[in-house]
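Numbering starts at 1 and runs along the sequence shown.
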Amino acid sequence: MSHVPCLDQTVAFGSGSTWTLCVTAVREFGFIVSHANFQKSPDSLPITVLFDGRLGAIFVPYHPGSPRYEDISLNFSPLLLTPAHCPPPPRRAELIGDNKICKEIRTYLAWMDDANVRYGEEVVYFAVLNAANYNYMMEWTFRDDGTILGRAGSTGPQLPSAFGIGHMHNFTWRLDIDLNGPGDDSVYFTRHVENLTPPSTAMDDLLLIEREGSRVWNPERFHTLEVFDSTLRNGRGRSTSYELVPLRSGSARHSEDFTKKDFWVTRFRGVAEELLAKDLPNYIADQQSTVNADIVVWYTGSVHHEDNERDEDRNTTPVLWTGFELRPKNLFDQTPFWTP
């Protein structure tokens with residue numbers, strides 16, 4: 001049973017792997033994914049990956065300093081979808097969840113090795129938060145290799161009274177990652193470091209985040225967050241993790257404190273507690289331990305509408321996307337679904 005009223009989903013792929021999860025689209029938060037479990041083969045035990053995934057903020061500050069909208073907190077409703085909102089045939093798409101969610105099964109290029117190539121399968125869900133003049137796309141993808149992709153996009157007419165005035169759409173995801181269950185998880189901040197003195201050596205390492213706190217993403221460091229469960233290992237005995245990899249074009253910074261960092265790690269305090277990103281500085285104030293704990297990861301990505309906007313954006317702005325990838329590491333023992 002999910003902690004939110006939702007629609008149970010079981011997606012079994014031709015490779016033999018299966019996702020089970022629950023999806024819903026609600027007022028205020030829009031699309032919520034819960035209880036996402038992955039089974040890599042019919043004879044493997046399923047593992048919990050994501051207990052709850054949602055947006056905790058859509059913050060829209062305009063360059064002149066005002067207005068500054070907190071769209072997640074304005075109690076907007078999901079858009080009721082019609083078949084025209086889903087991809088047309090021959091793509092395999094359908095409306096579910098009282099016509100608030102579009103579900104599509106499709107293929108993606110998984111890997112290639114000269115003459116050997118594999119196209120994997122993925123299930124893609126999206127819902128739309130109908131926020132005044134903007135439509136916010138909320139998309140979640142679950143792949144047959146255990147990968148999760150989250151994306152958000154803004155589209156629709158710009159604010160009529162402020163066309164051509166620059167502004168940001170900052171999306172902050174709240175990801176309650178319960179790898180192999182709610183406890184025994186730890187988060188590491190990864191980095192890549194280049195020595196620019198010839199011969200220009202490099203190193204990769206990861207630093208344990210011991211207490212609730214925040215971190216800044218640096219493109220030169222290729223920063224990610226990597227979540228480990230202390231008991232979960234693959235068949236080779238290597239520790240299994242899920243790595244949050246940013247997919248972004250830049251970093252927005254504003255006067256609001258929660259926008260000054262890109263990653264936050266907090267302890268889980270309840271299914272109805274600490275859901276809004278604007279209060280993140282308060283959530284971490286008591287500096288609780290995040291080692292071998294039930295943790296929540298927060299990540300912010302932004303899209304930028306520049307001053308003096310394009311004429312192409314005059315009536316309806318094409319979708320601008322940002323997001324992340326949750327990539328499994330040492331979940332499989334070798335390249336997934338490799339057939340020599």
statement: Which of D98, I101, V128 passes side chain to side chain contact (heavy atoms under 4.5 Å, CB included) with L81? It is V128
query: With H305, which of L159, L320, I165 fulfils side chain to side chain contact (heavy atoms under 4.5 Å, CB included)?
result: L320
Nearest 0.5 angstrom please: [X] [atom1] to [Y] [atom2], how far?
X: H85; Y: N99; atom1: NE2; atom2: CG; result: 10.5 Å
X: T224; Y: R327; atom1: OG1; atom2: CZ; result: 8.5 Å
X: L275; Y: K278; atom1: CG; atom2: NZ; result: 12.0 Å
X: I177; Y: D229; atom1: CD1; atom2: CG; result: 12.0 Å
X: D71; Y: N170; atom1: CG; atom2: CG; result: 11.0 Å
X: L196; Y: E220; atom1: CG; atom2: CD; result: 8.0 Å

message: salt bridge (Lys or Arg N to Asp or Glu O under 4.0 Å) for D333 and R238? Distances and angles first, verdict last.
response: CA-CA 9 Å; D333 301 342; R238 301 190 67 187; over 6 Å; no
- prompt: salt bridge (Lys or Arg N to Asp or Glu O under 4.0 Å) between D294 and R267: does it pass, once the steps are laid out?
  reply: CA-CA 6 Å; D294 188 356; R267 283 185 68 115; over 6 Å; no
Would you indicate whether the side-chain heavy atoms of [Y] and [X] approach each other to under 4.5 Å?
X: L179; Y: L232; result: yes
X: P182; Y: F268; result: no
X: T48; Y: H35; result: no
X: E28; Y: R54; result: no
X: E226; Y: L206; result: yes
X: F258; Y: S214; result: no
X: V23; Y: C6; result: no
X: E274; Y: N282; result: no

Backbone of S239 reached by a side-chain donor or acceptor of N330 within 3.5 Å: yes
query: For E212, does its backbone N or O pair with a side-chain atom of Q287 as donor and acceptor, under 3.5 Å?
result: yes
field: salt bridge (Lys or Arg N to Asp or Glu O under 4.0 Å) between R118 and D144, worked out
entry: CA-CA 12 Å; R118 177 179 184 273; D144 59 357; 2.6 Å; yes
- prompt: Is there a side chain to side chain donor-acceptor pair (under 3.5 Å) between R27 and S77 once you walk through the steps?
  reply: CA-CA 4 Å; R27 294 183 69 91; S77 297; 2.5 Å; yes
- prompt: Can a salt bridge be assigned to the pair R253 and D262 using a cut-off of 4.0 Å between side-chain N and carboxylate O?
  reply: yes
query: Between D204 and R191, does at least one N-O distance fall below 4.0 Å, as a salt bridge requires?
result: no
A quick test of your reading: do over 12 heavy atoms of other residues, nucleotides or ligands sit less than 6.0 Å from [atom1] of [X]?
X: N116; atom1: CG; result: yes
X: E210; atom1: CD; result: no
X: Y119; atom1: OH; result: no
X: L109; atom1: CG; result: yes
X: K260; atom1: NZ; result: yes
X: Y108; atom1: OH; result: yes

task: Report the residue from Y136, W298, W321, F31 that forms a ring pair (Phe, Tyr, Trp, His ring centres under 6.0 Å) with F171.
output: Y136
message: Exactly one of Y62, Y69, F59 should register a ring pair (Phe, Tyr, Trp, His ring centres under 6.0 Å) with H167. Which one does?
response: Y62
Ring-ring centroid check H192 H223, cutoff 6.0 Å: no
task: Could you tell me whether the side chains of N292 and D185 share a donor-acceptor contact shorter than 3.5 Å?
output: no
message: Testing the 3.5 Å rule here: is there a donor-acceptor pair between the side chains of H63 and D307?
response: no
message: One pair to check against salt bridge (Lys or Arg N to Asp or Glu O under 4.0 Å): R143 and E121. What are the steps and the verdict?
response: CA-CA 6 Å; R143 289 182 168 173; E121 288 182 290; over 6 Å; no
- request: Over all heavy atoms of both residues, which pair between V187 and L208 is shortest? Give the atoms and the distance, please.
  value: O-CD1, 3.7 Å
task: Taking the six-membered ring of F263 (Phe, Tyr or Trp), confirm whether the NZ or CZ of R215 is under 6.0 Å from its centre and within 45° of its axis.
output: no
field: ring-ring contact (aromatic ring centres under 6.0 Å, His included) between Y188 and F228, intermediate numbers included
entry: CA-CA 8 Å; Y188 289 78; F228 289 83; 5.3 Å; yes
message: Parallel, tilted or perpendicular: which one describes the rings of Y125 and F142, with boundaries at 30° and 60°?
response: perpendicular
- prompt: Angle class for the W173/Y299 ring planes (parallel below 30°, perpendicular above 60°, tilted otherwise)?
  reply: parallel
